[in-house]
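The next block holds one structure in the form of structure tokens; read it before the comments.
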Amino acid sequence: MAEPGFYPEGARVSVLTTEPVGKPLDYLAPEGGCFPGAFVEVPLGPRRVVGVVWGPGDGRFAAEKLRAVVRVLDVPPMRAELQQFLIRMADYTMTSRPGVLRLATRTPGLFEPPGARKIYRLGAGTPARMTDAREKVLGVLGDHGGAGFYLTELAQLAGVTPQVVKGLVAQGAVVETEAPRDLPYPRLDPQLPGKALSGDQAAAAAALRAGLGQFGVTLLKGVTGSGKTEVYLEAVAECLAKGQQALVLLPEIALTSEFLARVEARFGARPGEWHSGATQAERRRLWRMVAEGGAQMVVGARSALFLPYRDLGLIVVDEEHDSSYKQEEGALYNARDMAVLRASLAGAQVVLASATPSLESWANAEAGKYRRLDLQSRFGTADLPEMRAIDMREERIESVHWISPSLVGAVQATLSRGEQAMLFLNRRGYAPVTICRACGHQIGCDHCDARMVEHRFLKRLVCHQCGETKPIPTACPSCGVEGKLAPVGPGVERLAEEVAERFPKARTAVLSSDLFGSARALKEAVESIAAGGADIIIGTQIVAKGHNFPLLTLVGVIDADLGLQGSDLRAAERTFQLMRQVAGRAGRADKPGLALLQTCQPEHPVIRAILGGDEEAFWRAEAAGRRAVGVPPYGRMAGIILSGPEVAPLFELGNQLARNAAPLTRIGAQLFGPAPAPIARVRGRHRVRLLIKAEKSAPLQGAIRAWLRGVKFPNAVKLAIDIDPQSFL
Ligand code: ADP
Ligand code: ZN
């Protein structure tokens with residue numbers, strides 16, 4: 001992997017492709033030669049595929065059989081730093097190398113020859129006749145401030161046919177131009193002044209600025225509204241001023257637009273945007289511009305970590321505790337941890353920002369591996385919301401109702417002051433269970449070991465595992481009796497019914513990820529609520545994630561005990577984080593907030609810790625508990641998931657693996673299972689789990705590799721290895 005190097009024509013090179021062939025294959029360098037890291041097209045069997053020149057050939061393949069690289073593609077070669085990152089990540093997460101290369105090249109159209117393409121942008125004209133469809137197109141163009149789109153993308157974004165766009169072109173309201181592809185991004189100006197920072201904000205910003213230019217990790221802790229974003233934007237400014245690139249990872253697309261507007265206000269232009277909702281053209285442009293230096297800053301989802309930065313100086317992981325940083329399908333990795341790995345190779349700084357850090361990061365700060373900076377109070381006000389429990393054992397509550405009289409009273413008082421109230425219930429849909437009152441049958445998914453959830457809004461039952469839906473039957477599918485199916489338990493949609501009954505005059509809004517077709521629709525709903533468009537907000541955990549509602553002063557948690565059920569090792573931590581995040585929505589600026597938690601176990605240590613507000617005490621207790629049993633972050637774990645159409649071969653294989661676990665026991669690891677996974681069937685595939693537990697310093701991946709080497713996996717059986725699992729389902 002010699003970066004200053006060159007392979008002359010005919011030299012043996014090894015090329016890694018994204019094809020599942022395992023290891024890099026040898027080829028001959030093409031006419032004109034190639035550099036290490038070059039993106040190339042190579043023949044593979046009868047096909048041509050794209051790959052990366054990974055290093056010198058290993059010489060094992062017979063010279064006369066070697067084929068030549070077809071051509072070198074017109075994109076900057078992969079830098080040694082990114083290659084190293086992919087290799088280290090593949091080794092750590094036990095993902096194949098083609099699998100990690102796929103993450104770094106998953107940009108449609110990336111390797112098409114450059115050229116000019118027609119793009120469509122806002123024109124000066126106004127259409128003679130305005131229609132809904134036309135308005136949608138102009139709305140999309142307006143939202144993207146001057147940016148151009150390809151025809152199909154624009155039509156798709158607006159939800160109209162391409163003819164509508166063409167119609168607008170004829171009227172001069174949209175202009176069609178030939179544009180060279182992939183223009184550099186407008187320049188961000190780091191010299192523009194930021195907000196005047198308060199004492200601890202200024203100190204934190206200075207510390208972050210001083211760290212730039214070398215590897216280091218900082219945990220930036222502060223309650224919602226304490227100014228973490230303002231502070232890390234100062235570090236971004238310094239990074240840009242040094243001519244380096246900055247990456248800000250956000251856990252949710254819906255947060256991006258609010259953040260982009262903030263960056264624009266701070267630096268005078270928008271950064272590159274990287275997530276599944278960004279257009280194909282934008283992603284392609286960003287990939288290239290990041291590599292060529294035409295993009296100073298990227299805001300994006302976890303996959304933005306795999307972009308080919310030319311000179312990465314800073315990675316911010318905002319809401320670092322968020323479980324969505326863990327990719328749970330395909331390559332299983334935690335973007336927070338991989339951000340630290342990449343920064344260590346790039347010599348960059350990492351800022352992990354959170355009001356409620358993960359225990360992992362908290363422990364790393366305790367151990368002195370990460371620096372910790374605390375912002376003490378909310379900007380402008382000193383007060384965190386007051387938090388109180390409502391003891392549900394003492395409330396008189398009618399059947400099929402979930403809002404206690406105490407909470408009803410608090411909501412009324414809030415509304416009468418002209419302020420907003422939020423009711424939080426972490427359950428999508430209308431009712432989690434549909435039961436037959438005649439035979440007791442619960443309607444389940446045909447393909448998964450999961451109950452179907454009624455979504456009244458969609459008028460369907462939905463499986464939250466596989467997404468399968470079916471109409472709500474009138475007769476029980478088991479006993480055939482008509483009219484006896486009944487919903488059991490509340491989801492947010494059902495809670496909304498109760499709210500309508502109790503507060504008939506209030507305007508309510510339900511925020512649940514499944515109720516919005518797009519990030520844009522969700523964003524619009526959030527903006528309208530923030531502007532006072534609703535009195536009562538009913539929401540799932542989507543509301544916990546950083547949206548600002550300035551009029552909100554009361555948060556009522558319908559079931560604070562929900563997350564404490566189950567045996568997940570992070571149940572306490574997650575409940576603590578979620579409750580504190582949700583409560584943190586209440587009260588801003590000059591209005592004090594109140595958070596009320598409905599619970600049947602107010603004496604539970606986690607509930608007490610949430611109410612008591614002594615966060616350090618909570619983490620210390622949680623850390624001690626985990627240390628005592630040797631689980632993360634004080635021990636290591638790996639999940640092994642076997643899946644297939646038949647259950648018997650899975651257990652057979654699982655048992656065989658358990659019997660031959662010597663490589664694991666040799667490093668002192670323990671193996672549990674095989675056992676049916678808690679969700680034992682998903683999409684028609686049965687699932688069996690094994691769990692490995694080892695000491696923190698144990699060479700876990702090597703042992704797993706040795707253990708699985710030579711094991712014959714039946715064709716239909718799929719193996720997934722989950723290092724540092726977050727989910728045990
Ligand atoms: P956090 O990221 O911790 O939730 P933010 O950085 O979003 O906090 O700050 C919360 C609000 O307070 C934002 O509207 C922000 O602009 C404002 N704010 C924070 N610090 C300052 C400051 N020093 N001067 C002016 N406004 C500030
Ligand atoms: Zn299903």
Side-chain angles (χ1 to χ4, degrees), residues 192-209 218-238 246-252 254-268 271 297 299 314-322 325 336 350-358 361 372-385 422 523 526-527 529-532 542-553 555 577-593 595 613 615:
L192 288 174
K195 300 217 161 83
L197 299 182
S198 69
D200 61 351
Q201 290 177 340
L208 291 183
R209 276 196 300 263
T218 303
L219 173 59
L220 178 62
K221 184 181 173 303
V223 295
T224 310
S226 59
K228 294 185 296 299
T229 312
E230 295 298 336
V231 168
Y232 73 63
L233 284 178
E234 290 308 304
V236 170
E238 179 77 7
L247 164 64
V248 176
L249 296 177
L250 300 176
E252 195 180 333
L255 293 176
T256 324
S257 58
E258 194 185 354
F259 184 74
L260 292 175
R262 226 166 137 172
V263 173
E264 188 172 0
R266 175 72 180 78
F267 299 120
M297 179 179 182
V299 175
L314 173 68
I315 307 177
V316 177
V317 184
D318 204 352
E319 312 278 355
E320 67 89 32
H321 62 279
D322 199 287
Y325 282 121
R336 179 195 64 216
V350 179
V351 176
L352 305 175
S354 177
T356 54
S358 60
S361 298
R372 176 166 163 178
L373 298 172
D374 281 49
L375 299 180
Q376 292 307 341
S377 58
R378 288 187 171 192
F379 181 75
T381 54
D383 296 326
L384 257 178
M422 174 187 284
K523 177 194 143 205
V526 166
E527 278 170 3
I529 293 168
I542 200 170
V543 300
K545 297 192 182 183
H547 303 292
N548 286 336
F549 299 117
L551 302 172
L552 181 71
T553 57
V555 167
Q577 287 162 341
L578 190 56
M579 294 299 115
R580 302 244 353 147
Q581 293 274 341
V582 172
R585 301 291 124 208
R588 274 232 158 172
D590 50 353
K591 295 197 183 74
E615 301 176 290

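Just so you know, ligand 1 is whichever comes first in the structure, and atom 1 is the first atom listed for that ligand.
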Note: Lys195, heavy atoms under 4.0 Å from ligand 1, region reported as side chain
Nearest heavy-atom contact between Leu197 and Ala202 is CB-N, 3.8 Å
d(Leu314 CG, Thr218 OG1) to nearest 0.5 Å is 9.5 Å
Which value, rounded to the nearest 0.5 Å, describes the distance between Thr356 atom OG1 and Asp322 atom CG? 9.0 Å
Applying side chain to side chain donor-acceptor pair (under 3.5 Å), can you list everything that pairs with Tyr232, at least two apart in sequence or on another chain? Asp318
pair Glu319-Lys228: side-chain heavy atoms closer than 4.5 Å: no
From Glu238 CD over to Leu208 CG, what is the distance, rounded to the nearest 0.5 angstrom? 10.5 Å
Contacting atoms of ligand 1, where contact means under 4.0 angstrom from a heavy atom of Leu197: 23 (N)
Atoms of ligand 1, numbered as shown, that sit under 4.0 Å from any heavy atom of Val223: 3 (O)
For ligand 1, which atoms, with element, lie under 4.0 Å from some heavy atom of Ala196? 22 (C), 23 (N), 24 (N)
Determine whether any heavy atom of Leu375 lies closer than 4.0 Å to an atom of ligand 1. no
In ligand 1, which numbered atoms sit nearer than 4.0 Å to a non-hydrogen atom of Gly227? 1 (P), 3 (O), 5 (P), 6 (O), 8 (O), 9 (O), 19 (C)
Looking at ligand 1, does Gly222 have a heavy atom less than 4.0 Å from it? no
Quick one: which ligand 1 atoms are inside 4.0 Å of a heavy atom on Arg262? 5 (P), 6 (O), 7 (O), 9 (O), 13 (C), 15 (C), 16 (O)
